[in-house]
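Structure, as structure tokens:
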Amino acid sequence: MPLTICTWNINSVRIRLDIVRAAVETLRPDVLCLQETKCQDDKFPMNAIRDMGFPHIALNGQKGWHGVATFSRRPFQAVEKGDFCGKGDARHVAVTLAPEDALGKPLTVHNFYVPAGGDVPDPELNPKFAHKLAFLDEVTAWPPLTAAAADAGRHAVVVGDLNIAPLETDVWSHKQLLSVVSHTPIEVEKLNRFQASGPWVDVMRTFVPPQDKLFTWWSYRSPDYTANDRGRRLDHVWASESLAPAARAMTVLKDARGWDKPSDHVPVALTFG
DNA sequence: ATGGTAGCCGCGCTA
């Protein structure tokens, strides 16, 4: 049985339950990782998620903003939550699935919501940008992650809204976004160091070559997201080298950006097996 | 260090 993992920054899970259901019906994921749930754990719509076919739910939420959640058709062996930069922000949850599928080993799915970083790309002037850079340094050296990628006894993936578009073709205009937070050289360097610390394989780019544009986010601050296709690839799926060769298919559900009351991000689904 | 839109701790903050 192949395994489909989906990641989506939902920008409030409670007001978008209908489109979560629509994405689940379209993509049929076995594991769904959401970011920006903006929901305390005790207010989470557990029954609605169970009714979508996910009896297993791991939450790391907080009131009002941030927040991640991972839903699964299959049980978890373990759940772990990272707290980076000592801020108590809800920006990570990891679940481990038992080796009951064609992949043959336990699989740990790390679901991340990296800080957006504010508007000014200078850590001296903008504490939110400084936090983003520090967060990336901390996850790069985080033992559970570096150990996971190198462990021959299990598979691992890192998914989520990493809030950085590393390649020139991950943004609509490389030149015009070089000093825009999400595509600055310092962020790209930090993200590349994080990726190399695994080593992790950028699985999305094994399906769409680096010379082709690939986006997962289109700003709300534009009346028409299709106009000139001014998107960015902020959402990522990285696989451990043990798992990457098993990637079979990818879907970036761009249609979801045009659904009623959309998130500004669209779901990305990867099938392994 | 433009403004644009969206959501929640809602008339100010974060994205």
Side-chain angles (χ1 to χ4, degrees), chain A residues 7-23 33-45 48 59-69 83-92 111-136 159-165 170-173 175-187 190-191 215-236 254 256-268:
Chain A
T7 179
W8 193 10
N9 178 318
I10 193 63
N11 186 24
S12 170
V13 65
R14 284 174 292 182
I15 67 163
R16 275 185 246 288
L17 278 174
D18 287 345
I19 65 170
V20 172
R21 197 173 292 108
C33 298
L34 299 183
Q35 303 87 36
E36 277 206 271
T37 51
K38 296 186 173 178
C39 184
Q40 290 181 141
D41 292 354
D42 62 4
K43 298 217 164 51
F44 207 90
L59 301 178
N60 186 5
Q62 67 185 83
K63 195 174 182 179
W65 54 71
H66 316 322
V68 293
D83 176 15
F84 303 99
C85 303
K87 292 172 71 82
D89 280 355
R91 295 182 178 277
H92 169 267
N111 175 0
F112 273 101
Y113 176 49
V114 171
D119 289 333
V120 181
D122 183 337
E124 304 290 325
L125 300 178
N126 174 9
K128 291 197 282 287
F129 193 70
H131 174 222
K132 184 178 195 174
L133 299 181
F135 186 101
L136 291 162
V159 308
D161 177 5
L162 304 186
N163 262 316
I164 297 171
D170 289 336
V171 293
W172 62 274
S173 168
K175 282 186 180 174
Q176 287 178 256
L177 288 169
L178 265 174
S179 61
V180 172
V181 171
S182 73
H183 193 60
T184 65
I186 179 79
E187 293 168 86
K190 298 264 187 211
L191 190 72
F215 307 146
T216 64
W217 173 91
W218 292 262
S219 174
Y220 281 130
R221 300 177 191 182
S222 164
D224 178 5
Y225 83 98
T226 64
N228 305 309
D229 198 24
R230 294 191 168 189
R232 306 178 201 169
R233 183 171 70 119
L234 303 180
D235 303 277
H236 297 268
K254 187 174 177 181
R257 186 63 181 80
W259 289 352
D260 189 41
K261 294 268 287 175
S263 170
D264 45 354
H265 297 249
V266 299
V268 178

Of all the nucleotides listed (B:dT14, B:dG7, B:dA1), which has the minimum atom distance to the side chain of A:Ile15?
->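 For the A:Ile15 side chain, the nearest candidate turns out to be B:dG7.
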Per A:Trp65 side chain, nearest of listed nucleotides B:dC9, B:dA1, B:dT14 =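 Of all the options, the side chain of A:Trp65 is nearest to B:dC9.
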Does a side chain donor of either A:Thr7 or A:Gln35 reach within less than 3.5 Å of an acceptor in the other side chain?
->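 Yes.
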What is the separation between atom [atom1] on [X] and atom [atom2] on [N], rounded to the nearest whole Å?
| X | N | atom1 | atom2 | value |
| --- | --- | --- | --- | --- |
| A:Lys63 | B:dT14 | NZ | P | 17 Å |
| A:Arg16 | B:dA6 | CZ | P | 10 Å |
| A:Asn11 | B:dC13 | CG | C1' | 14 Å |
| A:Arg14 | B:dG10 | CZ | P | 13 Å |
| A:Asp161 | B:dA15 | CG | P | 11 Å |
| A:Ile164 | B:dA15 | CD1 | C1' | 15 Å |
| A:Asp224 | B:dA6 | CG | P | 13 Å |
| A:Asp89 | B:dT14 | CG | C1' | 11 Å |

Mapping A:Gly64 and A:Gly117 to their closest nucleotides on DNA chain B, which lands nearer the 5' end?
->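 Mapping each residue to its closest nucleotide by heavy atoms, the 5'-most match is A:Gly64.
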Closest-nucleotide ordering on DNA chain B, the 5'-leading residue of A:Arg91 and A:Val13 =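 Nearest nucleotide further toward 5': that of A:Val13.
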How far does the [atom1] atom of [N] sit from the matching atom of [M], given to the nearest Å?
| N | M | atom1 | value |
| --- | --- | --- | --- |
| B:dT14 | B:dC9 | C1' | 11 Å |
| B:dG4 | B:dA15 | C1' | 13 Å |
| B:dG10 | B:dT5 | C1' | 15 Å |
| B:dG3 | B:dC8 | P | 25 Å |

For [Y], is there any backbone N or O sitting under 3.5 Å from a side-chain donor or acceptor partner on [X]?
| X | Y | result |
| --- | --- | --- |
| A:Asn9 | A:Asp264 | no |
| A:His183 | A:Ala165 | yes |
| A:Asn126 | A:Pro121 | no |
| A:Asn163 | A:Val114 | yes |
| A:Thr216 | A:Leu234 | yes |

Expected rows: protein N/O vs nucleotides 2-5 of chain B N/O, under 3.5 Å:
residue	atom	partner	partner atom	Å
B:dG4	O6	A:Arg221	NH1	2.7
B:dG4	N1	A:Arg221	NH1	3.1
B:dT5	O4'	A:Tyr220	O	3.0

On the ring face of A:Trp217, is A:Arg232 found with NZ or CZ under 6.0 Å from the centre and within 45° of the axis?
->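 No, A:Arg232 does not lie over the aromatic ring of A:Trp217.
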Write down the atom of A:Ser263, the atom of A:Tyr220, and the distance for their closest heavy-atom approach.
->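 Between these two residues, the closest heavy atoms are CA-OH, 3.3 Å.
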Answer with base, sugar-phosphate or nothing: what part of the nucleic acid does A:Tyr113 contact at a heavy-atom distance below 4.0 Å?
->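 Sugar-phosphate, no base atom in range.
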Under 4.0 angstrom, heavy atoms only, what part of the nucleic acid is A:Arg257 near: base, sugar-phosphate, or nothing?
->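 No contact.
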Syn versus anti for B:dC11, judged by chi lying within 90° of 0?
->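 Classified syn.
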Applying side-chain contact (heavy atoms from CB on, under 4.5 Å) between A:Tyr113 and each of A:Val68, A:Asp89, A:Leu162, report the one that passes.
->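 Among the candidates, only A:Val68 passes.
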How are the rings of A:Phe112 and A:His92 set relative to one another: parallel (under 30°), tilted (30 to 60°) or perpendicular (over 60°)?
->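 Plane angle between 30° and 60°, so tilted.
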Do any of residues 36-44 of chain A sit with a heavy atom less than 4.0 Å from DNA chain B, and if so which?
->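 Those residues are A:Glu36, A:Lys38.
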